[in-house]
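Shown next, in structure tokens, is the structure this report addresses.
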Amino acid sequence: MPEGHSIHRLARQFRDVFAGRRLAVSSPQGRFAAGAAVLDGRTLVRSAAHGKHLFLHFEHGIVLHVHLGLYGAWDFGGDREFRGASSIGAPRRVGEREVPAGAGADGAGNDGDTAGYAGPPEPVGAVRVRLASDHGWADLRGATTCAAITEAEAEAVLRRLGPDPLHNVNGGRDAFIKRLTARSTPLATLLMDQKVIAGVGNVYRAEVLFRQRIDPLLPGRLLTASAAGRVWDDTAAVMADGVRDGRIITTTAGYWSEPNSLPPSEEAHFVYRRHGQPCRVCGTAVALAEHAARKLYWCPTCQSMDQA
DNA sequence: CGACAATGTGTAA
DNA sequence: TACACCTTGTCGA
């Protein structure tokens, strides 16, 4: 999935292209027909992301709550006034990047030909919900959550989530340190717990633990507060890069064959999906284990020392 | 063409 | 821990 950085990019894009506009809302697939009927014809007031949750606030206090889950994605298109990526969501290959708008004639109807824009194309595949303004459209497919809820219900969702490192909220860092170091649960498990830190997924978990040289199976209780603080700071930095780049890149220019441009996907990660390949730092084969039903990648050498 | 995996989560056993 | 959810690209027969 789309980890937190993708959801923040989505919130920004919805704000840029749809905020203040009256939207036609439909469910071509039919599974969201009732919710679409409630939202149809309302104006989008604002959009917000917290962790992996997207909230589209419509007028009269109705919120479209979307969680992309493992394979959800939004596709966009429109006329020249409709700028931004044409697809944000589940990458299907390692390191796949978003498709930039105007990337060519791809049937998405967003190749910049203003005169040619005659509304959204026929829905392709299982489109759960379609939003459309006078200038563009957005299609959602594969989401695990897509619901029309009240503002109060949206706040209840937020209360269930831990701090989001992409929000500079007072106390978020301290709350994270407290929650990460309170239990004897392995750090690999805790970093995937959205109540501990919202927005981290399998890639950022593996990559940040490597960057900090921390053993993924170390019990949270054994991590010092200062080391936990460094985990938060590094996560915030690398996820902010993800928001900027539209990709998860956790390696630095010194590891790239072409240091003056962003790296190809094979050079973008230290350990994620690199099991069996040599660690970029020490050469040891990257390890892989099934951990709580998810793949966990780490370097047994770089991430085995005591973390003080 | 079918099986399978995928940056996720909720629920049941 | 297992499976359901539900979509699509990849890979092997």
Side-chain angles (χ1 to χ4, degrees), chain A residues 1-10 27-32 49-54 65-75 85-99 106-108 123-130 139-147 149 156-158 160-162 164-166 185-186 188-211 216 235 238-243 245-251 265-266 268-275 288-298:
Chain A
M1 128 140 192
E3 302 195 16
H5 70 298
S6 299
I7 313 309
H8 282 257
R9 284 179 66 86
L10 280 167
S27 179
Q29 173 207 48
R31 279 192 51 177
F32 188 61
H50 192 100
K52 302 169 190 171
H53 295 252
L54 176 67
H65 174 215
V66 172
H67 191 299
L68 294 177
L70 190 53
Y71 37 66
W74 285 96
D75 291 330
S86 70
S87 180
I88 300 178
R92 311 289 178 191
R93 297 179 295 278
V94 192
E96 180 176 3
R97 62 197 69 192
E98 292 169 14
V99 182
D106 56 8
V124 177
V127 177
R128 184 85 52 84
V129 61
R130 163 173 284 180
D139 282 352
L140 172 68
R141 21 167 86 72
T144 198
T145 298
C146 174
I149 63 177
V157 173
L158 288 178
R160 296 201 310 266
L161 295 171
D164 181 337
L166 290 173
T185 307
T189 308
L190 291 167
L191 287 178
M192 294 286 273
D193 183 343
Q194 301 298 298
K195 194 150 184 104
V196 173
I197 182 169
V200 169
N202 208 14
V203 181
Y204 283 125
R205 159 179 81 169
E207 294 297 306
V208 169
L209 285 172
F210 176 86
R211 286 163 56 104
T235 305
V238 83
M239 288 185 73
D241 288 348
V243 173
D245 299 334
R247 302 168 57 196
I248 299 179
I249 299 170
T250 55
T251 51
S265 58
E266 315 86 70
H269 307 140
F270 282 106
V271 292
Y272 179 73
R273 278 217 180 180
R274 293 196 64 247
H275 57 290
L288 165 64
E290 198 83 17
H291 181 81
R294 304 301 298 278
K295 308 261 192 217
L296 173 64
Y297 304 86
W298 78 104

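If you're wondering where the values come from, they're calculated on a predicted model, not measured in any experiment. Below, chain A is the first sequence line, B the second, and so on; all start at residue 1.
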### Query
Should stems be defined as at least three consecutive Watson-Crick or G-U pairs with both distances under 3.5 angstrom, which of them involve DNA chain C?
B:1-6 with C:7-12, B:8-12 with C:1-5
Could you check which of [options] has an atom nearest any side-chain atom of [X]?
X	options	answer
Lys295(A)	dG8(B), dT7(C), dA6(B)	dA6(B)
Arg31(A)	dA6(B), dC5(C), dG8(B)	dC5(C)
Gln194(A)	dA6(B), dG8(B), dT9(B)	dT9(B)
Gln29(A)	dT7(C), dA6(B), dG8(B)	dT7(C)

### Task
Could you tell me whether the phosphate oxygens of dA6(B), OP1 or OP2, come under 4.0 Å of any side-chain nitrogen or oxygen in Arg273(A)?
yes
#### Entry: Any His67(A) side-chain N or O less than 4.0 Å from OP1/OP2 of dG8(B)
no
### Task
Using a 4.0 Å heavy-atom cut-off across all strands, classify Glu290(A) as base, sugar-phosphate, or nothing.
nothing
For [X] and [N], what is the distance between atoms [atom1] and [atom2] respectively, to the nearest whole Å?
X	N	atom1	atom2	result
Leu161(A)	dT9(B)	CG	P	9 Å
Leu68(A)	dT9(B)	CG	C1'	13 Å
Asp75(A)	dG9(C)	CG	P	10 Å
Ile248(A)	dG8(B)	CD1	C1'	13 Å
Asp139(A)	dT7(C)	CG	P	13 Å
Leu70(A)	dT9(B)	CG	C1'	9 Å
Arg294(A)	dG8(B)	CZ	P	4 Å
Arg205(A)	dT9(B)	CZ	C1'	14 Å

### Task
With P as the reference atom in both, quote the distance from dA13(B) to dC5(C) in angstrom, rounded to an integer.
14 Å
### Query
Can you check whether His269(A) and Tyr297(A) have ring centres sitting under 6.0 Å from each other?
no
### Backbone of His67(A) reached by a side-chain donor or acceptor of Thr145(A) within 3.5 Å
no
### Query
Does Thr189(A) have any side-chain hydrogen bond (donor to acceptor under 3.5 Å, both in side chains) partners at least two apart in sequence or in another chain, and if so, which?
His291(A)
### Query
Considering the options Leu54(A), Leu68(A), Ile88(A), which one meets the side chain to side chain contact (heavy atoms under 4.5 Å, CB included) requirement together with Ser6(A)?
Ile88(A)
With [X] via salt bridge (charged side-chain N to carboxylate O under 4.0 Å, His left out) - residues at least two apart:
X	answer
Arg9(A)	Glu98(A)
Arg211(A)	Asp234(A)
Asp245(A)	none

### Summary
The side-chain contact (heavy atoms from CB on, under 4.5 Å) partners of Arg31(A) (sequence neighbours excluded) come to Gln29(A), Arg128(A)
### Sequence-distant partners of Trp298(A), ring pair (Phe, Tyr, Trp, His ring centres under 6.0 Å), two or more places apart
none
Give every donor-acceptor pair under 3.5 Å between a side-chain atom in residues 194-201 of chain A and any protein atom, sequence neighbours left out.
| unit_1 | atom_1 | unit_2 | atom_2 | d |
| --- | --- | --- | --- | --- |
| Gln194(A) | OE1 | Gly199(A) | N | 2.8 |
| Gln194(A) | NE2 | Met192(A) | O | 3.4 |
| Gln194(A) | NE2 | Val200(A) | O | 3.0 |

Between the protein and nucleotides 10-13 of chain B, list the N/O to N/O atom pairs that are separated by less than 3.5 angstrom.
none

